[in-house]
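Below: the structure, in structure tokens.
These numbers were taken from a predicted model, which means no experiment stands behind them. In the text below, chain A, chain B and the rest are named by the order of the sequence lines, each starting its count at 1.
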Amino acid sequence: MNYWLMKSEPDVYGINHLEQEGTDHWDGVRNYQARNMMRDQMKPGDLAFFYHSNTEVPGIVGIMEIVREGYPDHTAFDPESKYYDPKSDPDNPRWYMVDVRFVRKLRRVIPLAELKQYPQLADMPLVKKGNRLSIMPVTPEQWDFILSLEDAPA
DNA sequence: GCCAACGTTGGC
DNA sequence: GCCAACGTTGGC
């Protein structure tokens, strides 16, 4: 199984939304690299960190589980949707999404500013300057290390 | 709100 | 196929 990190803006869709829904689809991804990971690599049973971006304290806030592998993102077909993409159609979908299930919140938010301090995480795209990837793989070592921070702030 | 970094688009 | 222009992401 694989580990992931997935970004979302809490004003648009945050961990509380997912907690309420239980299971939801991860729609609206319009980046090819991120799409390829959802379409080709994510499998049910994989775990992912829920990351809050573009907010007061950006950071990792929770854990979710992938429960359905990649399938076409229907919001791309809907002219009413803000994720509408006329270049995607049901016969030849351009964008994909997965379904995720809320697992739990972390006992504290682990801020980006803190994650940047650890040499163990220096290879994560997340902490690199200018990175805009909204979905990225996390190694088992990175996963365990981040979880070890939950009760032991720097 | 600013702006650097980046991805995408489209003219040529 | 190049690359300038543009739009978006996302930290600060």
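- As rounded to whole Å, 17 Å separates atom P of dA5(B) from atom CG of Leu126(A).
- Contact annotation for Lys128(A): no contact, since no heavy-atom pair falls under 4.0 Å across all strands.
- dA5(B) atom C1' lies 14 Å from atom CG of Leu133(A), rounded to whole Å.
- One can place CD1 of Ile135(A) at 11 Å from P of dG10(C), the figure rounded to the nearest angstrom.
- Each of Arg94(A) and Lys129(A) was matched to the nucleotide of DNA chain B holding its nearest heavy atom; the match closer to the 5' end belongs to Lys129(A).
- At whole-Å resolution of the value, CG in Asn131(A) and P in dG7(B) are 9 Å apart.
- Nearer the 5' end of DNA chain B, as judged by each residue's closest nucleotide, is the contact made by Gly130(A), out of Lys87(A) and Gly130(A).
- When the C1' atom of dT8(C) is taken as reference, atom OH of Tyr32(A) falls 15 Å away, rounded to whole Å.
- The nucleotide whose nearest atom lies closest to any side-chain atom of Gln33(A) is, among dG10(C), dG11(C), dG7(B), dG7(B).
- At whole-Å resolution of the value, NZ in Lys82(A) and C1' in dT9(C) are 13 Å apart.
- Contacts classified as ring-ring contact (aromatic ring centres under 6.0 Å, His included) and involving residues 30-68 of chain A (residues at least two apart or in different chains) are given here: Trp26(A)-Phe50(A), Tyr32(A)-Trp95(A), Phe49(A)-Trp143(A), Phe50(A)-His52(A).
- Arg30(A) has its CZ atom 15 Å from the C1' atom of dG7(B), to the nearest Å.
- When ring centroids are compared, Phe145(A) and Tyr118(A) come within the 6.0 Å threshold.
- In this entry the distance linking CD of Glu56(A) with P of dG1(B) reads 15 Å, nearest Å.
- Closest of all the heavy-atom pairs between Met42(A) and Glu69(A) is O-CB, 3.8 Å.
- Within the 4.0 Å cut-off from OP1 or OP2 of dT9(C), not a single side-chain nitrogen or oxygen of Tyr51(A) is found.
- A salt bridge links Glu150(A) with Arg104(A): at least one charged nitrogen is closer than 4.0 Å to a carboxylate oxygen.
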